[in-house]
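Accompanying notes for the structure given below.
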Amino acid sequence: MLEISNLKASVEDKLILDGLDLRVGDGEVHAIMGPNGSGKSTLAQVLAGREDYRVEGGTVRWDGRDLLALPAEERARNGLFLAFQYPVEIPGVSNAYFLKAAVNAVRRHRGLPELDAMDFLKRVKAEMKAVGMKEEFLYRSVNEGFSGGEKKRNEVLQMTLLEPKLAVLDETDSGLDIDALRVVADGVNRLRSPERSMIVITHYQRLLEYIVPDRVHVLAHGRIVRSGGPELAAELEQKGYAWLTGEADQARPAGAAS
Amino acid sequence: MSAPQVWRDAFAERAEALPGARLPWLARLRGQAIERFADEGWPTRRLEAWRHTPLALLGEQAFVAADGRAEVAAAVAQLRREAGDPEHWLVFVDGHHRPDLSTPGSLPQGCQVGSLAEALRQDAQGLEALMGSADEGSSPAALNLAFAADGAFVRIGSGVALEHPLHLVFVSATAEAATHVRNLVQAGANSVATIVEHHIGLADAQTLATIETRLALDRDARVTHLKLQRESEAGFHLARIDAQQAGGSVFDSHSLSFGARLARTDIETRFAGEGCEALFNGLYHADGRRHVDHHTRIDHALPRGTSREYYRGILDGAARGVFSGRILVAPGAVRTDAVQRTDNLLLSAQAEADARPELEIYAADVKCAHGATVGQLDEEALFYLRARGLDEAHARKLLTLAFAGEVLERIRDEALRRCAREILLARLPGEERMEESYA
Ligand SMILES: Nc1ncnc2c1ncn2[C@@H]1O[C@H](COP(=O)(O)OP(=O)(O)O)[C@@H](O)[C@H]1O
Ligand SMILES: [Mg+2]
């Protein structure tokens with residue numbers, strides 16, 4: 001169970017999150033939508049533990065723990081996963097090394113034996129097949145020279161390998177064609193289970209046709225301004241955000257009918 | 001005091017006992033060399049090429065001579081394992097050849113590998129031409145010429161390919177000792193060889209090592225030279241590598257500098273024929289208050305030469321790294337193609353890097369590119385790794401190693417590449433064990 005109460009966060013002295021409340025129960029999938037610049041990525045980064053984003057107030061409790069007190073790596077080892085909106089390129093670090101180090105960091109923390117090279121390769125190759133990545137991506141530097149879609153697949157690959165308890169997907173669907181979109185949705189749906197929660201940040205209603213969320217929230221001006229069931233996504237598709245944000249009509253989600 | 005007069009007195013005492021002392025040409029050469037050093041003394045920071053190199057400490061330090069009999073078998077055996085148990089292995093302790101620790105291995109016909117002292121005693125043919133002159137390099141090179149009693153003497157016959165690298169091991173074993181080593185390498189036409197210099201320090205008190213390695217590459221010879229410097233943290237290491245390349249020859253120089261209180265390596269090559277190629281590849285790491293310094297010079301004296309120079313430095317603590325890369329393109333050296341890049345990674349706010357490209361181009365129709373960067377670890381990449389569960393020390397080490405990887409990958413011999421990587425890994429901060437590499 002994730003419980004965010006009155007969360008305020010700033011970046012470079014600019015207040016971005018301004019009293020955000022959100023509860024995500026075990027096994028639930030919540031979608032967060034909202035106009036560009038409304039603070040969706042800021043929320044994701046604050047949850048993941050990025051220090052550049054300063055928490056100015058509020059609390060985040062996660063399975064009874066104070067999430068904000070943990071450094072990023074401990075959040076990850078405890079099962080929090082963020083699929084980055086803009087995955088970072090790391091020249092000189094092979095994807096295989098990176099994936100194995102990540103898997104074993106989490107396994108050590110869970111008291112499981114580390115995977116050796118053989119077991120790891122077997123496992124990773126199977127998962128790569130599932131997300132439609134060629135094996136050569138193992139031996140390339142992390143995300144270096146990957147296309148937008150390849151980077152997103154690599155994020156989904158990491159998510160399936162790490163089997164998180166709470167996954168936050170930050171616009172993992174942006175810029176994807178329909179095949180890639182299905183891969184992302186499949187990845188999420190395969191992981192769906194009663195003890196796993198997910199926050200799916202998206203700009204498009206399209207993804208939510210494949211991943212049917214339990215709840216949909218609209219984030220605007222650093223707060224959740226509206227929550228509802230899956231039908232809210234369709235409503236937003238039709239009406240845009242302006243009726244919720246009180247702004248001019250340009251704040252309409254991409255692809256919305258005009 | 002190691003003031004010039006002290007060295008001149010020491011020379012007067014020891015000259016008679018130096019190998020080859022009876023050779024008139026050599027006696028004359030050594031005499032000229034000690035005069036030059038006595039005259040100039042240690043380079044001061046008033047000299048442009050030594051502006052960033054703090055040698056003042058040296059002038060106040062007294063050094064003794066060592067006989068080379070120190071007990072170092074265990075350390076040498078360990079190094080040998082790290083290097084992958086090489087086929088050809090020559091050990092020098094405090095500047096003296098140690099046959100008891102050396103296994104030259106089986107060498108192909110036409111290939112000669114041995115001690116310079118021995119060659120001087122026998123007045124081996126061609127030595128005079130290889131030995132060099134008193135006016136080359138800076139004054140420490142002259143000091144080296146005056147005092148060098150030993151080193152490696154290597155001749156690769158025309159058309160001979162040495163299959164395995166030749167490893168030369170130089171151990172600074174005795175505290176307060178000054179050692180001077182001179183290595184002479186002659187690579188015949190069309191020959192192929194790889195020569196590795198290991199420099200390790202075992203003494204925990206101050207030592208001084210001067211090293212001069214001279215390589216003559218005949219037509220179309222291909223020589224790879226790799227220097228791996230790991231002197232102790234109280235060691236002063238002053239090295240010079242000087243190559244002369246005949247037409248069509250290829251010289252690859254790798255300099256990996258990890259140890260010493262102060263390490264300075266001057267590397268020069270001259271394209272004395274058309275169509276030469278050179279690779280200058282370097283990596284250095286220093287922490288604490290240590291100083292690491294490379295001065296390189298590639299002389300495109302004749303047309304159609306290609307040079308590639310890539311240096312990377314990793315500086316931590318209050319360490320200082322200096323790189324100066326001079327590229328000369330002589331008038332008429334048309335169709336020269338030269339690239340120089342230097343990148344420094346600062347791991348702390350007190351670390352400092354100076355990089356000075358110096359291009360002097362006197363010919364038309366040439367390609368010369370250069371670039372220099374200084375930066376820190378990428379914060380975004382660090383966070384990405386931590387967000388996947390790697391702790392910060394592991395993430396930092398991984399990114400630092402990735403920065404070095406580009407240089408290491410240019411070392412073609414796999415055993416050498418692995419050895420260099422392991423050594424660097426052991427020196428970087430952070431206890432975190434690394435996964436085995438898949439790269
Ligand atoms: N690192 C940063 N530095 C400065 N401003 C930032 C930074 N990250 C986000 N912002 C600002 O914070 C606001 C919210 O951004 P973000 O959380 O990325 O929005 P969204 O993901 O909803 O598009 C924007 O105005 C953006 O310009
Ligand atoms: Mg965003």
Side-chain angles (χ1 to χ4, degrees), chain A residues 44-45 47-53 70-84 86-110 114-117 120-121 124 138-144 155 158-159 161-162 164 168, chain B residues 281 283 285 310-314 341 343-345 347 371 373 375-411 417-418 420-422 424-425 428 430-439:
Chain A
Q45 299 276 337
L47 290 177
R50 178 105 195 218
E51 290 92 349
D52 303 358
Y53 294 78
L70 300 176
E73 53 269 43
E74 281 181 38
R75 298 184 197 189
R77 290 178 203 161
N78 279 300
L80 188 148
F81 180 88
L82 167 64
F84 285 67
Y86 303 109
V88 184
E89 301 198 4
I90 312 183
V93 175
S94 84
N95 212 17
Y97 182 98
F98 165 65
L99 295 170
K100 182 162 177 252
V103 167
N104 280 337
V106 169
R107 287 181 70 92
R108 271 199 299 278
H109 183 81
R110 292 181 188 163
E114 292 181 32
L115 293 183
D116 65 19
F120 168 74
L121 284 176
V124 75
L138 271 181
Y139 305 102
R140 288 173 55 176
S141 292
V142 178
N143 294 326
E144 194 188 28
E155 294 293 293
Q158 290 163 47
M159 181 176 74
L161 284 172
L162 295 174
V168 181
Chain B
N281 186 42
L283 178 67
H285 168 255
Y310 309 103
Y311 266 76
R312 288 199 154 186
I314 300 164
R341 279 208 57 86
D343 304 291
N344 278 288
L345 175 62
L347 295 179
T373 66
Q376 283 107 41
L377 288 179
D378 179 356
E379 288 295 329
E380 303 248 340
L382 267 178
F383 181 69
Y384 191 69
L385 294 171
R386 290 176 54 219
R388 295 298 178 253
L390 278 67
D391 65 35
E392 182 155 355
H394 187 183
R396 285 187 177 275
K397 203 162 173 165
L398 188 54
L399 293 179
T400 305
L401 200 62
F403 174 81
E406 206 182 288
V407 170
L408 296 176
E409 249 143 61
R410 291 192 195 94
I411 301 172
R417 189 171 61 240
R418 186 180 320 214
R421 183 182 181 277
E422 290 304 316
L424 175 63
L425 202 54
L428 294 177
E431 291 302 305
E432 181 69 36
R433 60 169 285 258
M434 305 287 281
E435 305 282 334
E436 45 210 297
S437 166
Y438 287 92

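Every heavy atom of this structure was used, including side-chain atoms; hydrogens, water molecules and symmetry mates were not. Since the model is a prediction, treat every value here as computed from it, not as a measurement. Reminder, nothing fancy here: chain letters follow the sequence lines and each chain counts from 1.
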Chain A contact via B/Glu406 - which portion, at a heavy-atom distance below 4.5 Å: neither
Charged N-O contact under 4.0 Å between A/Arg50 and B/Glu379: no
Portion of A/Pro164 that has a non-hydrogen atom of chain B nearer than 4.5 angstrom: neither
Interchain contact, A/Asn143 with chain B, by part (heavy-atom threshold 4.5 Å): side chain
Top contributor to chain B contacts, counting heavy-atom pairs under 4.5 Å, from A/Arg140, A/Glu155, A/Arg75, A/Glu74: A/Glu155
Cation-pi, A/Phe98 ring and B/Arg388 (6.0 angstrom, 45 degrees): no
Contacts of type salt bridge (Lys or Arg N to Asp or Glu O under 4.0 Å), residue B/Arg386, not counting sequence neighbours: A/Glu51, A/Glu73
Residues that A/Gln45 engages under side-chain hydrogen bond (donor to acceptor under 3.5 Å, both in side chains), provided they are two or more places apart: none
Minimum-distance pair of heavy atoms, taken over all atoms of A/Val142 and B/Tyr384: CG1-CE2, 4.0 Å
Largest heavy-atom contact set with chain A, pairs under 4.5 Å, which of B/Ala395, B/Gly405, B/Ala387: B/Ala387
